[in-house]
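Let me begin by presenting the structure, written as structure tokens, before commenting on it.
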Protein chains: 4
Amino acid sequence: MLKVGIAGASGYGGGELLRLLLFHPKVQVVHVAGENRAGELVESVFPHLPLSSRMEKHPIDEPWNDIKILFTALPAGESGKLARLYRDRDVHIIDLGPDFRFRSHQRFSEVYKMPHPYPEGLSEATYSLVEWNRKAIKNSRILACPGCYPTGTLMGLLPFVQEGLLKKGSQIFIDGKSGVSGAGRGLTLDTHFPEIAESMKSYKPFSHRHGPEMEEAIECLAGFRVNILFVPHLIPVNRGLLSSLYFTLEKDWKEEDVWNVMKKYYQDETGVYLTEKPPSTAMVRGTNRTAISLRMEGSAAFVETAIDNLVKGAAGQAIQSMNVIQGWEEMEGLPMIGAFP
Amino acid sequence: MLKVGIAGASGYGGGELLRLLLFHPKVQVVHVAGENRAGELVESVFPHLPLSSRMEKHPIDEPWNDIKILFTALPAGESGKLARLYRDRDVHIIDLGPDFRFRSHQRFSEVYKMPHPYPEGLSEATYSLVEWNRKAIKNSRILACPGCYPTGTLMGLLPFVQEGLLKKGSQIFIDGKSGVSGAGRGLTLDTHFPEIAESMKSYKPFSHRHGPEMEEAIECLAGFRVNILFVPHLIPVNRGLLSSLYFTLEKDWKEEDVWNVMKKYYQDETGVYLTEKPPSTAMVRGTNRTAISLRMEGSAAFVETAIDNLVKGAAGQAIQSMNVIQGWEEMEGLPMIGAFP
Amino acid sequence: MLKVGIAGASGYGGGELLRLLLFHPKVQVVHVAGENRAGELVESVFPHLPLSSRMEKHPIDEPWNDIKILFTALPAGESGKLARLYRDRDVHIIDLGPDFRFRSHQRFSEVYKMPHPYPEGLSEATYSLVEWNRKAIKNSRILACPGCYPTGTLMGLLPFVQEGLLKKGSQIFIDGKSGVSGAGRGLTLDTHFPEIAESMKSYKPFSHRHGPEMEEAIECLAGFRVNILFVPHLIPVNRGLLSSLYFTLEKDWKEEDVWNVMKKYYQDETGVYLTEKPPSTAMVRGTNRTAISLRMEGSAAFVETAIDNLVKGAAGQAIQSMNVIQGWEEMEGLPMIGAFP
Amino acid sequence: MLKVGIAGASGYGGGELLRLLLFHPKVQVVHVAGENRAGELVESVFPHLPLSSRMEKHPIDEPWNDIKILFTALPAGESGKLARLYRDRDVHIIDLGPDFRFRSHQRFSEVYKMPHPYPEGLSEATYSLVEWNRKAIKNSRILACPGCYPTGTLMGLLPFVQEGLLKKGSQIFIDGKSGVSGAGRGLTLDTHFPEIAESMKSYKPFSHRHGPEMEEAIECLAGFRVNILFVPHLIPVNRGLLSSLYFTLEKDWKEEDVWNVMKKYYQDETGVYLTEKPPSTAMVRGTNRTAISLRMEGSAAFVETAIDNLVKGAAGQAIQSMNVIQGWEEMEGLPMIGAFP
């Protein structure tokens with residue numbers, strides 16, 4: 001059994017990681033840390049995890065010695081510190097946070113308004129959108145799992161970019177729709193039940209941090225610059241993320257031909273579900289799958305993807321990354337069928 | 001007291017009309033008809049209306065003689081029949097349905113796949129988006145209230161069109177997000193609670209009937225052709241409609257200057273709330289107001305509007321139209337403050 | 001116009017009070033205070049109130065001089081201080097909090113674990129369940145509006161007590177079901193959207209503070225001791241409170257005869273809706289009404305009431321109380337029809 | 001691999017059965033029938049099941065020959081017909097419907113207002129509340145899985161009955177709270193999203209069919225008659241069932257002693273989670289677990305249980321029953337940890 005630890009397990013991303021790893025047949029979770037809940041029973045931190053073990057503190061001063069993989073689900077600037085602490089050990093860092101998503105520490109600093117915690121680590125890091133970056137993942141010590149919005153967007157957009165269907169400098173409008181778990185477990189008035197139930201709204205239009213992440217990822221994975229205009233929305237569901245992409249191609253395309261492009265990239269991907277019906281978040285809830293649909297009218301394209309923001313958008317992709325590193329079946333231990341309703 | 005009747009009062013739009021008219025100080029509702037619930041007590045048709053009167057049948061064969069205004073909230077093809085029946089009477093038809101939203105019966109037939117029920121009536125009809133068409137409304141016998149999605153979109157888009165900021169033939173991407181009451185009271189699997197609660201999805205991307213309605217209205221009200229690419233989404237809330245508009249202007253604009261355009265058109269409108277904060281449906285729930293915000297980046301524009309789909313998107317706009325016809329205070333009897341949470 | 005002020009207007013109860021008073025034709029709100037939001041625009045504190053006035057500080061050190069009524073919607077111990085400050089003025093205190101709900105300061109201290117802030121004020125205070133205590137309300141300086149749960153329970157239970165249908169010392173089981181706004185606007189993990197959406201649970205079974213309040217009110221209003229066994233539940237809706245009462249009568253009763261008892265007490269009450277159909281919170285949402293139903297089987301009784309916890313359960317009842325004091329129509333300015341859906 | 005078939009797989013109970021059986025390591029589902037969706041792809045019937053096989057018709061005229069277990073999730077009167085059809089075969093019928101829950105066909109007829117479809121089968125049937133009836137289950141051809149409400153209630157109540165803590169003829173008040181999936185997938189106005197979202201209500205107070213089922217089960221399993229007074233409520237969540245039991249014991253009990261009774265019966269049950277914290281449906285969502293809590297005050301008892309109505313309340317218990325019959329690990333293939341949030 002591969003021994004792993006989780007730092008940041010008291011939030012939704014870390015909790016989901018813990019849940020999914022408990023089902024993984026080849027992994028043993030030996031450390032579970034949640035800084036602000038340290039000392040508490042896991043079952044008192046999460047209602048669904050009937051474990052009588054206690055949450056630990058983060059391994060900030062002293063590394064955990066018995067693990068091969070450290071999963072980090074921490075705020076910006078925190079996982080970098082842990083990656084530095086583990087720099088001379090034979091341990092992979094799989095990070096659900098943003099510290100290693102940009103190639104340059106300057107770009108990170110611009111976007112996150114803080115110095116990078118471990119600039120030297122960036123050269124060891126790989127952007128871990130598995131379907132598009134398997135080879136590089138396999139040989140990296142640090143894996144930067146994409147944010148939930150970038151995951152949904154990139155899965156839908158990259159076939160167009162790779163295939164050269166977009167003009168250089170194209171404007172891509174992205175309307176993101178996220179369930180409230182995507183905003184985290186920290187208490188805010190915006191996520192207080194009566195404020196958001198029976199409501200919906202956008203936030204940070206054109207200025208959310210996942211916009212630059214998407215641009216960087218497209219340039220990095222496909223060598224192409226686009227202009228991402230991203231507007232996230234908060235929707236009163238727990239889980240689920242719909243990414244609605246609107247853009248114009250260089251010329252008119254038949255819908256059928258665009259479907260063929262999609263199939264070229266995805267027909268052998270077990271984690272991708274191409275669907276003529278509009279994708280719903282119910283299709284993928286609880287799973288590591290991405291549902292994708294599209295619609296063309298002349299040169300105008302609409303592509304929509306649905307993911308579970310806590311699985312493919314966070315913990316599931318982290319585990320998928322671990323499976324790649326270990327050379328295991330890529331979806332080992334990951335649910336491909338969810339619960340409905 | 002002005003005597004009015006409602007045909008189609010057993011659905012959500014008609015029920016909201018009845019509710020709001022009960023509060024109107026100058027109106028008396030003398031007929032309430034709901035074909036498939038005829039004979040039932042109003043309080044058994046709606047849980048919130050403790051009225052012991054009974055629903056009538058629609059006045060199909062014989063007109064109601066004692067009314068000055070007939071509100072119709074009926075499926076396509078039905079209100080035209082009633083308008084024909086009342087053609088020689090001094091009665092205004094205020095229609096919440098689609099029969100009189102297009103200027104030509106051919107266009108109606110193309111979009112709704114049925115012959116127009118009363119083509120001669122089209123010349124007497126006016127598109128009743130009140131803030132943009134008051135003068136014409138005042139002198140019309142038949143008022144075609146806009147659909148809920150067109151209302152939200154047009155309120156946000158028309159200042160740009162009127163001011164000439166768009167290129168001719170511009171592509172306008174519209175991501176509509178509607179509460180489930182917008183899909184009506186008819187039973188469908190898509191609107192069965194467990195299917196849509198904790199889910200979200202698009203429907204009829206690029207092919208919903210409100211797309212052509214928007215194009216027609218823009219051409220009609222502003223003499224300008226645009227290419228509307230409309231994708232509606234079903235969101236698990238009861239009421240509320242967010243219209244997210246994405247488009248590119250002819251040149252780069254400063255955000256401040258675009259705000260000034262908005263103010264030029266709306267600063268004296270009591271029904272419009274310009275807000276720097278992203279508009280939420282909670283801002284306008286239960287009211288006849290439209291909340292509007294915007295964001296620019298270079299030439300790329302994002303405009304978002306929030307309305308209550310059953311009030312400004314249906315029953316409220318119908319009453320606002322009646323107020324105009326009667327020469328009353330335009331928002332007479334209409335709630336401008338809603339309930340929260 | 002009667003001038004009034006609100007202390008505690010930044011919570012849900014106070015916000016609802018402000019909203020409803022804006023519609024009241026005989027009242028002018030001249031002060032709106034919210035301690036922790038003082039200085040902010042009302043429209044930034046509440047999304048639905050487009051007011052450009054600013055929140056004030058509570059009148060702790062210096063009374064507001066220009067008001068006749070002070071509404072207080074504050075945590076335990078706070079409104080007593082204000083009542084003391086106003087003790088020599090011709091100002092009524094209408095309190096939505098618990099400070100004046102018990103007749104003795106000792107009982108208050110036992111239940112709320114704090115000294116009473118103004119014991120001398122208790123003799124001037126009346127429990128303001130309007131339908132059951134109108135006469136006393138009319139002549140009191142301080143009105144203690146009942147808690148939301150006691151309102152729902154007492155409206156259903158008092159006819160049985162008054163009519164002598166219960167054994168002395170009867171056990172009354174009360175299953176309360178409240179929307180999340182009932183838990184207030186303060187941030188807690190329990191009311192964070194993802195924790196409670198798609199869940200439900202009880203809290204403080206047999207030990208919630210509203211249990212003793214119910215016992216005291218029954219003894220005070222009907223001179224009778226019962227044993228209240230109260231279990232509140234948190235339900236993922238915004239507004240609405242269902243009180244499900246289960247108890248055994250002294251002997252077998254026919255359902256029809258029990259309905260007659262209900263009618264005896266309520267048939268002339270405009271605020272009470274007796275319904276054979278099970279009451280739903282949708283029946284009363286946004287209104288000051290109480291819907292009541294019942295079911296008998298032998299000596300076993302089931303009575304269920306539905307109220308809007310923020311209206312009849314808080315702000316509406318406060319305004320109803322003010323109307324009684326002023327000798328106005330009791331439901332003046334209060335909505336009796338709500339919005340649905 | 002054990003070959004099984006499902007009749008009634010297009011509803012929520014049958015769909016959940018299919019989902020869970022897909023994960024079972026020792027079972028192969030060889031027939032999936034949904035009468036009114038026969039011929040359709042499974043993936044078009046359910047959004048979460050990406051299977052390209054087609055739904056069959058029910059095996060009404062001709063038995064499926066290749067199965068050892070037939071799961072039936074059908075309306076009253078239907079599974080009895082299939083049980084008759086299979087009467088001479090070596091096939092177990094595991095029924096999620098009500099046909100075999102009563103010992104006498106007369107009682108079934110009284111409660112379900114129809115003749116029993118297969119009275120001779122009753123002698124072969126066992127009430128399949130696994131924790132309380134394992135031995136009998138093992139040797140039965142027909143297993144009658146309890147209804148969702150009886151499951152939740154019996155799990156909480158049986159220790160009291162078994163231990164003799166109740167008076168004979170005791171009144172047991174049961175306040176059931178069910179998510180909307182419990183009402184099935186058939187379209188009704190009550191379960192149309194806008195009617196029940198942001199509402200809650202009881203239905204069939206004291207007259208729901210699960211009341212007699214509970215009485216019968218208690219008499220059958222514990223040889224004791226109680227008077228069940230059952231009021232179910234519809235709550236706007238998808239999954240989850242809370243059973244709140246209120247009753248009076250023969251004498252005063254200390255809470256600690258009652259906990260000891262609970263532990264005596266449940267401490268070795270892997271499917272039972274005894275919790276001092278009030279149980280929430282989030283604790284058990286997606287799992288085959290029952291969370292149980294209790295509270296005493298003198299002789300008054302409050303017991304509350306939480307289950308997932310589609311798992312322990314339906315499909316999960318059916319699979320647990322199958323595991324008993326086969327002599328497998330009782331929770332084989334059944335999720336004991338759910339997803340949160």
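All heavy atoms count here, side chains included; hydrogens, waters and symmetry mates do not. Numbers restart at 1 for each chain; the letters A, B, ... are given by sequence-line order, proteins then strands.
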Quiz prompt | From OG (C:S44) to CD (B:E276), nearest 0.5 Å | solution = 13.0 Å
Quiz prompt | Contacting region of C:L22 [heavy-atom separation from chain B under 4.5 Å] | solution = side chain
Quiz item: So which part of C:E43 gets closer than 4.5 Å to some heavy atom of chain B, the side chain, the backbone, both or neither?
Solution: both
Quiz item: Do the side chains of C:P50 and B:T275 get nearer than 4.5 Å, heavy atoms only?
Solution: no
Quiz prompt | Heavy-atom check, side chain of C:L310 versus side chain of B:P341, under 4.5 Å | solution = yes
Quiz item: B:I337, B:V284, B:N238, B:V180: which one forms the most heavy-atom pairs within less than 4.5 Å of chain C?
Solution: B:I337
Self-check item: Pick from C:R289, C:E16, C:R285 with the largest number of heavy-atom pairs that fall under 4.5 Å of chain B
Solution: C:R289
Quiz item: Considering all heavy atoms of both residues, which atom of B:A339 and which atom of C:R239 are nearest to each other, and what is their separation?
Solution: CB-NH2, 3.8 Å
Practice problem: Could you give me the CA-CA distance, side-chain angles and deciding distance for B:L49 and C:F340, then say whether side-chain contact (heavy atoms from CB on, under 4.5 Å) is met? | Solution: CA-CA 9 Å; B:L49 296 174; C:F340 171 83; over 6 Å; no
